[in-house]
Amino acid sequence: MSSARFEPSGSLRGNYTPPADKSISHRAALFGAMCDEPVPVRNYLDSADTRSTLAALLKLGAGVEEGDGDVLIRGVGLRAPLEATGGLLDVGNSGTLMRLLPGWLAGQPGGVWTLDGDESIRRRPVDRVAEPLSAMGAGVEAREGRFPPLTVRGAQLSGIDYELPVASAQVKSCVLIAGLLADGSTTVSERAPSRDHTERLLRRARVPFQRDGLRLTVSQVDELELDEIVVPGDASSAAFVVAAATLVSGSRVVVKGLDLNWPRTGFLRIAERMGAVILGDLEEPGTEADEEPVGELDVASAPLEGTVVEPAEVPAAIDELTLVALLGAFADGETVVRGAGELRVKESDRIAGVVEGLRGLGAEIEATEDGFIVRGDGTPLRGGVIDAHGDHRMAMLGAMAGLASTDGVEVVGMDAAAVSYPGFERDLRALVA
Ligand code: S3P
């Protein structure tokens, strides 16, 4: 485990291109593997998580040719006699792989696979996918009925009408993918809009797919066909730089090539409400498109005020809510996040981690069951030491806190950043040079 120190920086300035989107990279590779014809994926994210997806697909018989940031996936087809039956599929640290891949495997009659991963994955619930897949006819077993390892026995599935008990794009995607293989049609209803990258790929693949408000219906298909997929910049990775540019005075950063998909840009709307200066053409809510909207943001530092984040806003900012806590620690007044209990089952318990971490740097912050409350007076955090607890986003949060602090921050376990963003320190240092 490596530590890294982040001293208070001068302003962040210049153009910044974030790494490729993690969610879209996972989906592009998985959908590519389900196609009969090869699918080129341009700008595939090179990170530990997305490598786990390529390794799992290789094990299932797909071909993966890598070169120059691009990947060519030679698929095995939607209903292929998948190889490695009985085999163990290692998802590493990736919750997205752990929840999406079973959707495909569940619809392969006669196949049996066990998915497992690292220590963090073994603490994260999978009953949320086991339940709908069992209801569709698959045999699914989890440790204590709830945790990985997860064994999936494929079957001829039947379509269901499923109401998601948790707002989760991963579970939604799992059921929609299983729906491609299930008799009849499959409907998933969500309570609040979550990221819709899977839906966009389904539309691109010309799969019979309808959306009626928060109800999504997909029908069984014989095969999948997709042409080239170009992965845009990751809004969640970019959010760290947006936060630092907002907090460190005199900063001005232009973020290029970013995915501006509405359910991914909730953090930007919350930050703007707090006073952040972020110019850019964010997508309108409810947009039904095949492609991801790609654009740029112009971010400048600004003083902030506290805000309240309501439960309905949570899914569109789920991976950035710890950054809302960081902004709140520098803002004037109270910042409250509610309805974000899902943060407790991410790569780490992010409510406990952010409260313990920012408190150690001088913040006045307390945990609630499903969120946190931060009180600031508009002055910077002092600094200190923060432990990433093996969580990539907590490591990067600590780094941002350091740049904006008065005394600097040491991040214990900085190497965790490589799960989603291996070039993080290099990109950051280029902006503060
Ligand atoms: C993701 C969905 C979110 C998010 C995760 C990636 C996805 O998880 O936190 O980082 O790619 O669908 P949940 O669906 O569990 O909220």
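By convention here, the first residue in the shown sequence is residue 1. All figures in this text were calculated on a predicted structure; none of them were measured in a lab. Both counts, for ligands and for their atoms, begin at 1 and track the order of listing.
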Please name all residues satisfying ring pair (Phe, Tyr, Trp, His ring centres under 6.0 Å) with F424, sequence neighbours left out, ordered by chain then number.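 Applying ring pair (Phe, Tyr, Trp, His ring centres under 6.0 Å) to F424 gives Y421.
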Residues in ring pair (Phe, Tyr, Trp, His ring centres under 6.0 Å) contact with F240, at least two apart in sequence or another chain: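 If we apply the ring pair (Phe, Tyr, Trp, His ring centres under 6.0 Å) test to F240, skipping adjacent residues, there are no hits.
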Let me know which protein residues bring a heavy atom to under 4.0 Å of ligand 1; chain then number is fine for ordering.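 S23, R27, T96, A167, S168, A169, Q170, R195, I318, D319, K346.
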Ignoring hydrogens and geometry, is there a side-chain-to-backbone donor-acceptor pair from D234 to K22 under 3.5 Å?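 Judged by distance alone, yes, a pair lies under 3.5 Å.
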Is a donor on one side and an acceptor on the other found under 3.5 Å between the side chain of R338 and the backbone of P311? no
Sequence neighbours left out, what passes side-chain hydrogen bond (donor to acceptor under 3.5 Å, both in side chains) with E313? Give chain and number order.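 Here the qualifying residues are R273.
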Within a reach of under 6.0 Å around CD of E225, are more than 12 heavy atoms found that belong to other residues, nucleotides or ligands? no
